Number of protein chains: 2
Amino acid sequence: MNVTIIDVAKKAGVSPSTVSRVISGHPRISPATVRKVKDIMEELGYHPNMMAKSLVSKTTQTIGLLLPRSAEELFLNQFFSEVIRGVVSQAARSEYDLMMTTGITEREEVEAVTRLVRGRRVDGVILLYSRNSDPVISFLKEERFPFVLIGRSEEHPDVLSVDNDNVQAAYDVTKHLLAQGHRRIGFVSGPPNLIVSRDRLEGYKQALADAEVEFHSEWIVEGEFLQESGYRAMSFFMTLPERPTALVVMDDLVAFGVLRGLTELGYKVPQDLSLIGFNNIPMSELASPPISSVDIGIYQLGYTASQTLIRAVKGEAIHHTRMIIPHRLIARESSLHHIQP
Amino acid sequence: MNVTIIDVAKKAGVSPSTVSRVISGHPRISPATVRKVKDIMEELGYHPNMMAKSLVSKTTQTIGLLLPRSAEELFLNQFFSEVIRGVVSQAARSEYDLMMTTGITEREEVEAVTRLVRGRRVDGVILLYSRNSDPVISFLKEERFPFVLIGRSEEHPDVLSVDNDNVQAAYDVTKHLLAQGHRRIGFVSGPPNLIVSRDRLEGYKQALADAEVEFHSEWIVEGEFLQESGYRAMSFFMTLPERPTALVVMDDLVAFGVLRGLTELGYKVPQDLSLIGFNNIPMSELASPPISSVDIGIYQLGYTASQTLIRAVKGEAIHHTRMIIPHRLIARESSLHHIQP
DNA sequence: GTGAAAGCGCTAACAA
DNA sequence: TTGTTAGCGCTTTCAC
């Protein structure tokens with residue numbers, strides 16, 4: 001059997017409540033008692049049973065992280081490990097543990113978070129990415145359970161969220177290409193049900209409009225965050241009679257697929273087609289030519305989400321519901337080629 | 001307040017223990033009661049409080065995953081997200097949750113694990129990677145707490161572990177290079193305190209010995225699992241008066257660094273220097289030329305570790321303490337160049 | 001400043 | 001088959 005608070009109390013010749021007070025740093029308790037109890041705890045190798053503590057205090061010192069349903073495929077992307085790294089680091093710093101869960105289907109996903117929330121296993125939840133209509137968000141709102149979203153929700157604009165200004169980011173990127181003289185710019189999008197896809201498309205459109213460049217809907221291609229999607233998009237664009245001279249690509253991995261396809265077909269980047277991606281994965285810098293990208297501060301997203309959630313859980317004031325992590329355009333060779341419009 | 005087992009009992013006109021029995025699927029309980037209780041649970045939206053359950057049952061349905069100290073740097077490598085993916089998937093399948101923790105210093109690491117174990121927050125622990133002398137392993141053994149190691153421990157050969165046969169893998173790789181006619185083969189190692197580094201070095205040496213090729217200790221370079229290490233190793237090798245014609249590299253990311261350096265200096269791979277790495281990260285296939293690598297089944301490592309741990313936790317019989325995940329050599333252009341010895 | 005006692009929500013003997 | 005009872009290890013009034 002493990003050593004309990006009662007063992008400590010007996011040995012120290014005090015009551016269990018006194019020991020409890022020492023543990024929680026109660027103010028009105030004599031320094032002598034504190035010393036004595038702490039010594040005994042040390043001596044006996046006492047460690048509080050978190051389950052018992054949680055049961056009565058109704059807090060767990062744990063936050064939950066719901067991975068997106070298809071973690072299988074999403075993990076391929078550097079994005080998730082980076083986010084998790086940010087969350088874990090911050091949580092550890094705040095002495096919170098991190099509980100990860102996921103589900104294959106939407107039903108399983110809801111079940112998983114229900115288990116965590118209703119089972120009182122966590123004090124708050126972080127949601128990764130936001131699909132358009134998400135039953136998990138509705139559930140958490142109904143339960144009035146603390147949570148923060150990495151991404152944003154259109155239906156629930158009032159929930160705590162940590163996000164990039166994706167509209168602005170795409171605007172910047174498009175403007176960068178326009179500044180190189182490009183007037184025919186295509187857009188390789190992600191899954192259309194993701195808000196990030198729509199935000200970036202919006203920024204792209206705005207930049208074109210502001211530059212009074214005509215928008216071609218046939219130059220928008222949708223795909224997954226996979227290399228193959230890029231390859232496919234490339235095949236599509238390169239057979240077009242009037243094809244773009246530059247591409248804005250939703251994710252570097254996809255951009256890599258484009259690049260690879262172009263190289264295979266003997267095209268030159270950026271001369272034949274300029275490229276710029278998002279997320280600035282390590283590989284982008286290493287490609288030949290190096291791929292321009294937008295650093296969206298993935299680690300920061302996770303870190304800030306964790307920080308915000310823990311504040312919310314503790315009931316601290318949070319001034320902004322929507323926190324924006326700054327992005328940074330990193331121009332590399334793949335988008336540095338001036339053309340005559 | 002949340003609905004408890006007592007609320008359900010009252011409304012169903014039975015005792016709390018009966019409800020408890022229904023929940024745990026107790027055999028001797030009348031179907032009528034089961035139906036009634038289940039209906040009421042549904043109606044009231046009852047969910048068991050896991051903390052209370054854990055407190056009395058002394059199990060948590062949760063496994064812990066201790067990330068290596070410098071998760072900061074290790075996350076950069078695809079390895080960890082892949083392992084986690086395997087662990088999470090399997091755990092979810094077994095209806096276990098996953099708790100992640102880490103520490104910056106060794107002391108913090110031990111503390112983190114102590115919190116989990118002594119605080120009874122988890123039923124078992126998975127340890128990622130194994131350094132040479134690890135206080136965490138000693139602690140867990142002393143506590144007689146279920147755990148499995150991803151990797152292996154020299155000091156504690158008797159603990160449950162899931163690993164590759166890294167000696168054999170390195171042997172295979174070296175033999176592959178020997179088969180191309182190489183006789184001057186260098187080795188770019190990882191941190192020397194990692195057992196995986198030593199195992200692979202061992203396999204490399206054995207292969208050389210079996211082929212009666214002389215071993216040159218100056219052709220062994222140690223580094224981190226970072227691209228820069230590869231770059232540095234490359235610089236070193238290329239200035240040697242008598243330099244290797246092929247390199248075995250501990251990790252693909254490092255191999256990528258080598259490749260990049262060679263390309264910058266105008267050397268050709270595999271003609272001037274052949275390369276083969278380990279871990280088969282997605283990037284390897286995409287490099288130019290594509291980098292040969294060893295697929296070590298990272299996902300499988302995580303999956304099997306989780307599976308084994310959960311079995312151990314449940315007290316099921318485990319036949320082998322040491323489970324080996326098979327590896328597979330994937331020869332690509334970077335190591336396919338015959339030379340005349 | 002400290003102790004006694006009640007109770008968090010659940011399970012598991014032991015009875016019936 | 002079901003109910004009664006006694007805790008699991010901890011916190012927290014309410015006294016003193």
Side-chain angles (χ1 to χ4, degrees), chain A residues 1-38 40-41 44-62 114-123 314, chain B residues 1-38 40-41 44-62 114-123 314:
Chain A
M1 204 50 260
N2 234 295
V3 27
T4 77
I5 211 170
I6 299 195
D7 302 327
V8 177
K10 272 188 186 145
K11 182 131 188 177
V14 297
S15 76
S17 29
T18 300
V19 178
S20 172
R21 286 185 184 109
V22 170
I23 293 166
S24 56
H26 192 102
R28 271 199 291 285
I29 193 125
S30 84
T33 314
V34 172
R35 266 260 56 73
K36 187 171 53 183
V37 171
K38 283 202 168 158
I40 305 274
M41 292 198 324
L44 262 42
Y46 168 78
H47 256 261
N49 180 318
M50 298 313 282
M51 296 302 152
K53 187 187 169 100
S54 292
L55 181 56
V56 39
S57 71
K58 294 182 179 341
T59 79
T60 59
Q61 293 270 98
T62 303
T114 306
R115 270 219 319 273
L116 291 190
V117 171
R118 306 287 301 273
R120 303 265 163 248
R121 298 195 79 145
V122 296
D123 296 344
K314 288 184 175 168
Chain B
M1 206 49 257
N2 235 295
V3 26
T4 77
I5 212 171
I6 299 195
D7 302 328
V8 176
K10 273 187 186 148
K11 182 133 191 175
V14 297
S15 77
S17 35
T18 301
V19 178
S20 173
R21 286 186 186 108
V22 170
I23 293 166
S24 56
H26 192 103
R28 272 198 291 285
I29 193 126
S30 84
T33 314
V34 172
R35 266 261 53 76
K36 188 171 55 184
V37 170
K38 283 202 168 158
I40 305 274
M41 292 198 323
L44 263 41
Y46 169 77
H47 256 261
N49 180 319
M50 298 313 282
M51 295 303 152
K53 187 187 169 97
S54 292
L55 181 57
V56 39
S57 70
K58 292 177 180 344
T59 77
T60 59
Q61 293 270 97
T62 304
T114 306
R115 270 219 320 274
L116 291 190
V117 171
R118 307 286 299 275
R120 303 265 161 248
R121 299 195 77 145
V122 297
D123 296 343
K314 288 182 175 167

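What you see is a predicted model; the values in this text were computed from it and never measured.
We find that CG of Leu55(B) is positioned 12 Å from P of dG9(C), with the value rounded to whole Å. Taking atom CZ on Arg121(B) and atom P on dC8(D), their separation rounds to 21 Å, with Å as the unit. In this structure, Asn49(A) atom CG and dC8(C) atom C1' are separated by 13 Å, rounded to whole Å. As a whole-Å value, the separation of Met51(B) CE from dG7(D) C1' is 20 Å. Here the P atom of nucleotide dC10(D) and the NZ atom of Lys10(A) are 13 Å apart, to the nearest Å. In this structure, OH of Tyr46(A) is placed 10 Å from P of dG9(D), rounded to the nearest angstrom. Nucleotide dC10(D) holds its C1' atom 13 Å from the CG atom of Asp7(A), rounded to whole Å. Atom CD1 of Ile6(A) and atom P of dA5(C) are 13 Å apart (whole Å).
Across Val22(A) and Ile29(A), no two heavy atoms sit closer than the pair CG2-CD1, 4.3 Å. The two residues Ser30(A) and Thr33(A) make their nearest non-hydrogen contact at OG-OG1, 2.5 Å. For Ala9(A) against Pro16(A), the heavy-atom pair with the smallest separation is CB-N, 3.6 Å.
Applying the side chain to side chain donor-acceptor pair (under 3.5 Å) test to pairs two or more places apart or on separate chains, those with a residue in residues 17-26 of chain A are Ser15(A)-Ser17(A), Ser15(A)-Thr18(A). The salt bridge (charged side-chain N to carboxylate O under 4.0 Å, His left out) contacts involving residues 8-20 of chain A comprise Lys11(A)-Glu43(A), where partners must be two or more places apart or lie in separate chains.
Within residues 23-33 of chain A, the residues approaching DNA chain C are Arg28(A), Ile29(A), Ser30(A), Thr33(A), by heavy-atom distance under 4.0 Å.
You'll find that the side chain of Lys53(B) is closest to dT11(C), out of dT11(D), dG9(C), dT11(C). The side chain of Val56(B) sits closest to dG7(D) out of dC10(D), dG7(D), dT2(D). Listed nucleotides: dT2(C), dT12(D), dC14(C). Nearest to the side chain of Arg21(B): dC14(C).
In this structure, the side chain to side chain contact (heavy atoms under 4.5 Å, CB included) partners of Thr62(B), at least two apart in sequence or on a different chain, are Met99(A), Arg121(A), Thr60(B), Asp97(B), Met99(B), Val122(B). Lys36(B) meets the side chain to side chain contact (heavy atoms under 4.5 Å, CB included) test with Val14(B); sequence neighbours excluded.
Contact check, Thr18(A) against dG3(C): a side-chain N or O comes under 4.0 Å of OP1 or OP2. For the OP1/OP2 pair of dG9(C) and a distance below 4.0 Å, the side-chain nitrogens and oxygens of Thr4(B) include no atom meeting the criterion. Here Lys58(B) does not reach the OP1 or OP2 of dC8(D): none of its side-chain N or O atoms lies under 4.0 Å away.
Among the heavy atoms of the strands, none lies under 4.0 Å from Ser57(B). Ser17(A) comes within 4.0 angstrom of a nucleotide base, judged by non-hydrogen atoms across all strands.
Distance CD1/Ile5(B) to CE/Met41(B): 9.0 Å, rounded to 0.5 Å.
Contact annotation: the side chain of Val19(A) never approaches that of Ile40(A) to less than 4.5 Å [non-hydrogen atoms, C-beta and beyond]. Within the 4.5 Å cutoff, no side-chain heavy atoms of Leu55(B) are placed close to those of Met51(B).
Over its full length, the helix from dG1(C)-dC16(D) to dA16(C)-dT1(D) turns its helical axis through 30°, comparing axes from the five pairs at each end and rounding to 10°.
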